[in-house]
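Scroll down for the structure; my scribbles are underneath it.
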Amino acid sequence: KNVEMSIRHAQRNGIIPDIVMANTVLDAYVNCGMLDKAQDIFRGMTIGMEEEEGFWPLLRPNSRTYNTLLKGMAEEGDIRSAMKLSGVVDSKGLWDAVTTNTLIKAAVTAAEFDLAEDILSNHTISFTREGQDHPNVEAYTELLDGYAKDGQLENALRVMQLMQSRG
């Protein structure tokens, strides 16, 4: 309700939304478990809507936009939609460490461990910067935790060893 109230307030005051506002609204809807509303906003900003129906101008989604939608799909365990969207992210050159981490969460939530392993091997690297964590530490941890919770302790230990070898 507060998100919709804020949008109406912005409309009444002639505020023209930008990508920061759009991403904030997407994230608010995802955090409220309203992925369908977030996807409506995304469609409105990417394909446009009729003037009387739409508030969102055509905007250029960035990696945060896509990663926010992926986060919502991951939380719902909707791996099919997440994989489809990740293909778009990759084709636009917007794939980053957050994309990898979030997509692995989606795969683990859907108990698609082989897919999570594939994503991990295709989108992570060895990392040895003194004083900094590996940019995909969340992805490794998510997969390790998923294996452990599924009783696959040998696989969990294997992922732990992989984490260590990749820094």
Side-chain angles (χ1 to χ4, degrees), residues 1-125 127 132-143 145-146:
K1 289 180 181 180
N2 286 336
V3 175
E4 291 171 3
M5 182 181 68
S6 296
I7 293 169
R8 283 193 304 275
H9 180 76
Q11 286 174 312
R12 282 193 305 271
N13 288 293
I15 295 173
I16 298 171
D18 61 6
I19 194 65
V20 173
M21 182 178 178
N23 286 343
T24 301
V25 170
L26 287 175
D27 194 46
Y29 278 135
V30 165
N31 289 335
C32 292
M34 301 175 76
L35 182 59
D36 56 332
K37 290 276 199 180
Q39 290 171 320
D40 288 345
I41 300 297
F42 179 77
R43 279 190 291 280
M45 61 187 265
T46 56
I47 61 174
M49 297 176 79
E50 294 299 316
E51 191 63 35
E52 64 273 2
E53 292 180 27
F55 172 58
W56 303 98
L58 289 177
L59 296 170
R60 187 177 193 169
N62 57 24
S63 60
R64 182 172 297 243
T65 311
Y66 289 108
N67 286 333
T68 300
L69 289 175
L70 283 172
K71 177 176 80 169
M73 292 169 184
E75 289 171 1
E76 290 190 356
D78 186 358
I79 191 62
R80 182 173 291 157
S81 296
M83 289 304 296
K84 184 177 177 184
L85 186 61
S86 72
V88 173
V89 172
D90 200 21
S91 72
K92 293 184 177 290
L94 296 174
W95 194 294
D96 60 14
V98 175
T99 308
T100 300
N101 297 344
T102 307
L103 200 54
I104 287 178
K105 177 183 174 125
V108 169
T109 300
E112 295 282 347
F113 296 109
D114 290 340
L115 178 59
E117 291 265 2
D118 288 345
I119 296 163
L120 194 66
S121 64
N122 291 326
H123 293 282
T124 59
I125 57 168
F127 185 79
Q132 290 184 349
D133 287 337
H134 192 292
N136 299 115
V137 70
E138 289 177 36
Y140 290 98
T141 305
E142 189 73 42
L143 182 56
D145 186 57

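Side chain of Asn13 to backbone of Ile15: no donor-acceptor contact under 3.5 angstrom is found.
Thr99 places none of its side-chain heavy atoms less than 4.5 Å from the side chain of Tyr66. Counting only heavy atoms from C-beta outward, the side chains of Glu4 and Lys1 never approach each other to under 4.5 Å. Tyr140 places a side-chain heavy atom less than 4.5 Å from the side chain of Thr124. Contact annotation: the side chain of Pro61 approaches that of Thr46 to within less than 4.5 Å [non-hydrogen atoms, C-beta and beyond].
Minimum heavy-atom separation, Ala97 to Asn136: O-ND2, 3.4 Å. Of all non-hydrogen atoms in Ile119 and Ile104, the two that sit nearest each other are CG2-CG1, 3.7 Å. In plain terms, the two heavy atoms of Thr68 and Val30 that are nearest each other are O-CG2, 3.7 Å. Nearest heavy-atom pair across Val3 and Ala28 is CG2-CB, 3.5 Å.
One side chain, Thr65 or Asn23, offers a donor N or O that lies under 3.5 Å from an acceptor on the other.
A search for side chain to side chain contact (heavy atoms under 4.5 Å, CB included) contacts involving Thr141 returns Val137, Met163, not counting sequence neighbours. With sequence neighbours left out, the salt bridge (charged side-chain N to carboxylate O under 4.0 Å, His left out) criterion links Asp145 to Lys149. When the side chain to side chain contact (heavy atoms under 4.5 Å, CB included) test is applied to Ser86, the partners found at least two apart in sequence or on another chain are Met83, Trp95, Leu103. For the salt bridge (charged side-chain N to carboxylate O under 4.0 Å, His left out) test, no residue two or more places apart in sequence or in another chain qualifies with Glu138.
Atom CD1 of Ile41 and atom CE of Met21 lie 9.0 Å apart (nearest 0.5 Å). Atom-to-atom distance recorded for His123:NE2 and Asn101:CG is 12.0 Å, nearest 0.5 angstrom. One finds the OH atom of Tyr29 at 5.0 Å from the NZ atom of Lys37 (value rounded to the nearest 0.5 Å). Taking CG of Leu70 as the start and CG of Leu85 as the end, the distance is 4.5 Å to the nearest 0.5 Å.
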Donor-acceptor pairs under 3.5 Å, side chain of residues 105-116 to any protein atom, not counting sequence neighbours: which ones?
from, atom 1, to, atom 2, distance (Å)
Thr109, OG1, Lys105, O, 2.8

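Pairs passing the salt bridge (Lys or Arg N to Asp or Glu O under 4.0 Å) check and including a residue from residues 70-87, sequence neighbours excluded, read Asp27-Lys71.
Salt bridge status for Arg43 with Asp40: present, with a side-chain N to carboxylate O gap under 4.0 Å.
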Arg60/Ile19 under side-chain contact (heavy atoms from CB on, under 4.5 Å): CA gap, chis, key distance, verdict
CA-CA 7 Å; Arg60 187 177 193 169; Ile19 194 65; over 6 Å; no

